[in-house]
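These notes are about the structure you will find just below.
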Amino acid sequence: MTDGNSKPVNSTLDPADWKAVRTLGHRMLDDMFDYLEHIRQRPVWQPIPDRVRKEFREVLPADPTDMAAVYEDFKQQILPFTVGNAHPGFLGWVHGGGSVPGMLAEMLAGGLNANCGGRDHVPIEVERQITEWARQMFGFPEGASGVFLTGTSMANFVAVLIARRAALGGTVRTQGVAPCGKRLVAYTSAAAHGCISKAMDMSGLGTAALRKIPTDRMHRMRIPELRSAIAADRDAGLTPFLIAGTAGTVDIGAIDDLSGLADLAAEEGLRFHVDGAFGALAILAPNLAPRLRGIERADSVGFDFHKWGQVPYDAGFLLVRDGTQHLETFSAPAAYLQRESRGTAGGSPWPCDFGPDLSRGFRALKTWFTLKVYGTSQLGTTISRTCELAQYLKSRVEQTPELELAAPVNLNIVCFRFRSASSDLVNAQIVVDLQESGIAVPSTTVIDGRLAIRAAIVNHRTQSCDLDRLLAATVELGRQICETTAASPIPLQEADLAETRSRDGLGEAASDFSSCVPPYAIEEQRHPYNQL
Ligand SMILES: Cc1ncc(COP(=O)(O)O)c(C=O)c1O
């Protein structure tokens with residue numbers, strides 16, 4: 001086809017000039033390598049200027065824009081203003097750092113544009129391979145099934161639906177919950193993630209049908225209380241159906257007594273699901289794996305490759321012991337999804353038979369790359385190391401008189417506070433100031449009714465120097481806040497001060513870790529990084 005001037009006109013969306021696009025694409029790739037290689041020199045996070053926010057209030061574009069110009073917008077307005085979880089100083093919530101193989105695999109997956117809902121193609125074999133690897137990781141039997149989902153929130157939801165169908169039979173899929181005449185009740189700990197409540201809500205069982213069992217001093221579900229709650233519910237004519245244990249609570253990384261929960265579930269005839277969003281992958285670290293004992297007896301385990309597995313977002317996964325029950329919960333024949341024994345429509349059952357999604361991307365590829373490139377040994381070592389760093393941070397907090405630990409350190413999460421008579425106010429402000437300084441991004445949580453600074457070390461790039469900066473800045477900001485507001489620090493005892501004076505740099509626990517960057521200074525970090 002030509003235009004009036006007999007210039008070739010591109011009738012597809014493919015580039016008219018492949019050479020130019022190739023050059024641009026290579027530049028993008030190089031820029032992302034530079035970005036990751038030098039990420040430590042950037043602020044972890046920075047506030048979004050109004051002018052940038054306004055750029056994303058444009059009207060729907062009717063006319064084309066040159067891709068190089070769109071990329072320029074990306075560099076100026078998107079790249080500098082991400083949440084920062086690729087940065088080693090990101091310690092908030094539970095965010096993975098991603099990895100270079102995962103990033104490259106995302107590009108390859110984008111090129112293939114595979115739809116992994118179904119049909120007979122190798123991208124689905126890759127997903128089956130990951131299911132098999134997950135089965136081996138957790139010691140599940142042959143016949144186990146698995147499915148990629150956005151994250152563990154969805155994995156927990158799917159697990160509740162499987163348990164619901166197992167408890168109420170196939171009619172629940174056609175008639176809904178009410179005609180079954182049973183009121184199902186599930187159990188989890190008071191420290192469990194809120195998505196379990198959401199799963200109960202979305203499955204039509206209701207959040208009130210979830211019992212949140214109190215926890216012990218280490219934030220683990222109390223099994224005697226769980227046993228009593230089940231008995232009380234049976235006495236009240238309700239139908240207990242599911243125990244959802246947690247491997248790595250979101251607040252402090254506590255691991256429930258999974259063997260004890262598996263025993264009780266077996267005794268009571270209940271299903272046993274484990275929310276292992278980040279903690280389940282501790283199975284890859286030989287020194288941590290014993291703490292997950294009992295997980296191999298679960299009916300299902302939900303976890304995220306995008307957290308401790310360092311696979312780029314998103315890569316949630318649900319592993320199910322009984323693949324038939326899994327299939328029976330979701331498979332739904334449709335004429336337009338007819339299966340064949342040969343041809344493109346072969347290879348049934350398909351991933352769409354194991355979850356709510358029909359169109360699905362190729363999440364398995366970035367996971368396959370990450371697992372192959374690093375092997376479970378290297379990933380396990382990284383996971384172990386984040387826990388060692390948490391112990392290092394814990395000991396630094398203990399050695400710093402202005403700070404106090406707020407909770408036991410189980411795995412990779414450290415909760416602490418700057419000591420102040422106005423603790424909640426001061427610590428909340430410290431966290432916001434830290435985030436805005438660009439030095440570190442911790443988050444907050446509430447422990448025993450009091451706000452705490454929460455540092456979750458998930459990112460493989462984090463080193464002891466990032467934690468040193470976090471603490472130095474916390475103390476400095478805490479002092480500044482107390483000086484400039486009515487808040488007062490807790491006065492230090494003479495003994496504490498003597499300890500501060502005699503402290504030589506990082507203290508004893510530092511000996512395992514080498515410092516990686518020059519000492520931090522708050523002001524130095526406050527600079528705009530608007531360019532790549
Ligand atoms: C224990 C736990 N469960 C579930 C979730 C939710 O996982 P996702 O964010 O992948 O949906 C999280 C997230 O941090 C978590 O820590």
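Values reported hereafter were calculated over all heavy atoms of this structure, with side chains retained and with hydrogens, waters and symmetry mates removed. For ligands, and for the atoms within them, numbers begin at 1 and follow the listed sequence.
- Looking at ligand 1, you won't find any N or O of Asn156 less than 3.5 Å from one of its N or O atoms.
- Distances from ligand 1 to the non-hydrogen atoms of Lys307 include at least one value under 4.0 Å.
- Scanning the protein heavy atoms around atom 12 (C) of ligand 1, the nearest turns out to be His193 CD2, 3.3 Å.
- At a 3.5 angstrom cut-off on N or O pairs, Thr249 does not count as close to ligand 1.
- A cation-pi arrangement is absent between Arg363 and Phe148, since the terminal nitrogen or guanidinium carbon is not both under 6.0 Å from the aromatic centre and inside a 45° cone about the axis.
- Taking every heavy atom of Asp304 and a limit of under 4.0 angstrom, the matching atoms of ligand 1 come to 7 (O), 8 (P), 10 (O).
- Judged purely by atom type and a 3.5 angstrom limit, Ser189 has no side-chain atom pairing as donor or acceptor with the backbone of Thr215.
- In this structure, Phe305 and Phe317 have perpendicular ring planes: the angle between them is above 60°, well past the 30° mark.
- Considering only non-hydrogen protein atoms, atom 3 (N) of ligand 1 sits nearest to Asp275 OD2, 2.6 Å.
- Counting heavy atoms under 4.0 Å from ligand 1, residue Thr152 touches it through both backbone and side chain.
- Using a 4.0 angstrom heavy-atom cutoff, Gly316 does not count as in contact with ligand 1.
- Listed by atom number, the atoms of ligand 1 under 4.0 Å from Gly248 heavy atoms are 1 (C).
- Under 4.0 Å is where a charged nitrogen must lie from a carboxylate oxygen, and between Arg297 and Asp263 at least one such pair does.
- Of the charged side-chain nitrogens involved, at least one lies within less than 4.0 Å of a carboxylate oxygen, so that Asp466 and Arg40 count as a salt-bridged pair.
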Practice item. Evaluate the criterion side chain to side chain donor-acceptor pair (under 3.5 Å) for residue pair Asn85 and Tyr313; output intermediate values, then yes/no. Key: CA-CA 11 Å; Asn85 53 307; Tyr313 282 85; 4.7 Å; no

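- One finds the CE atom of Met103 at 11.5 Å from the OG1 atom of Thr370 (value rounded to the nearest 0.5 Å).
- Side-chain contact annotation: Asp201 with Thr207, donor-acceptor N/O pair under 3.5 Å absent.
- The distance from ligand 1 to the heavy atoms of Cys195 drops below 4.0 Å at these ligand atoms: 4 (C).
- Atom numbering of ligand 1 starts at 1 in the shown order; those under 4.0 Å from a heavy atom of Ser153 are 6 (C), 7 (O), 8 (P), 11 (O).
- In this structure, Leu91 CG and Leu467 CG are separated by 6.0 Å, a value rounded to the nearest 0.5 Å.
- Residue Gly151 has at least one heavy-atom neighbour below 4.0 Å for each of these atoms of ligand 1: 10 (O), 11 (O).
- Residue His306 has at least one N or O atom closer than 3.5 Å to an N or O atom of ligand 1.
- In this structure, atom 2 (C) of ligand 1 lies nearest to the protein heavy atom Ala277 CB, 3.3 Å.
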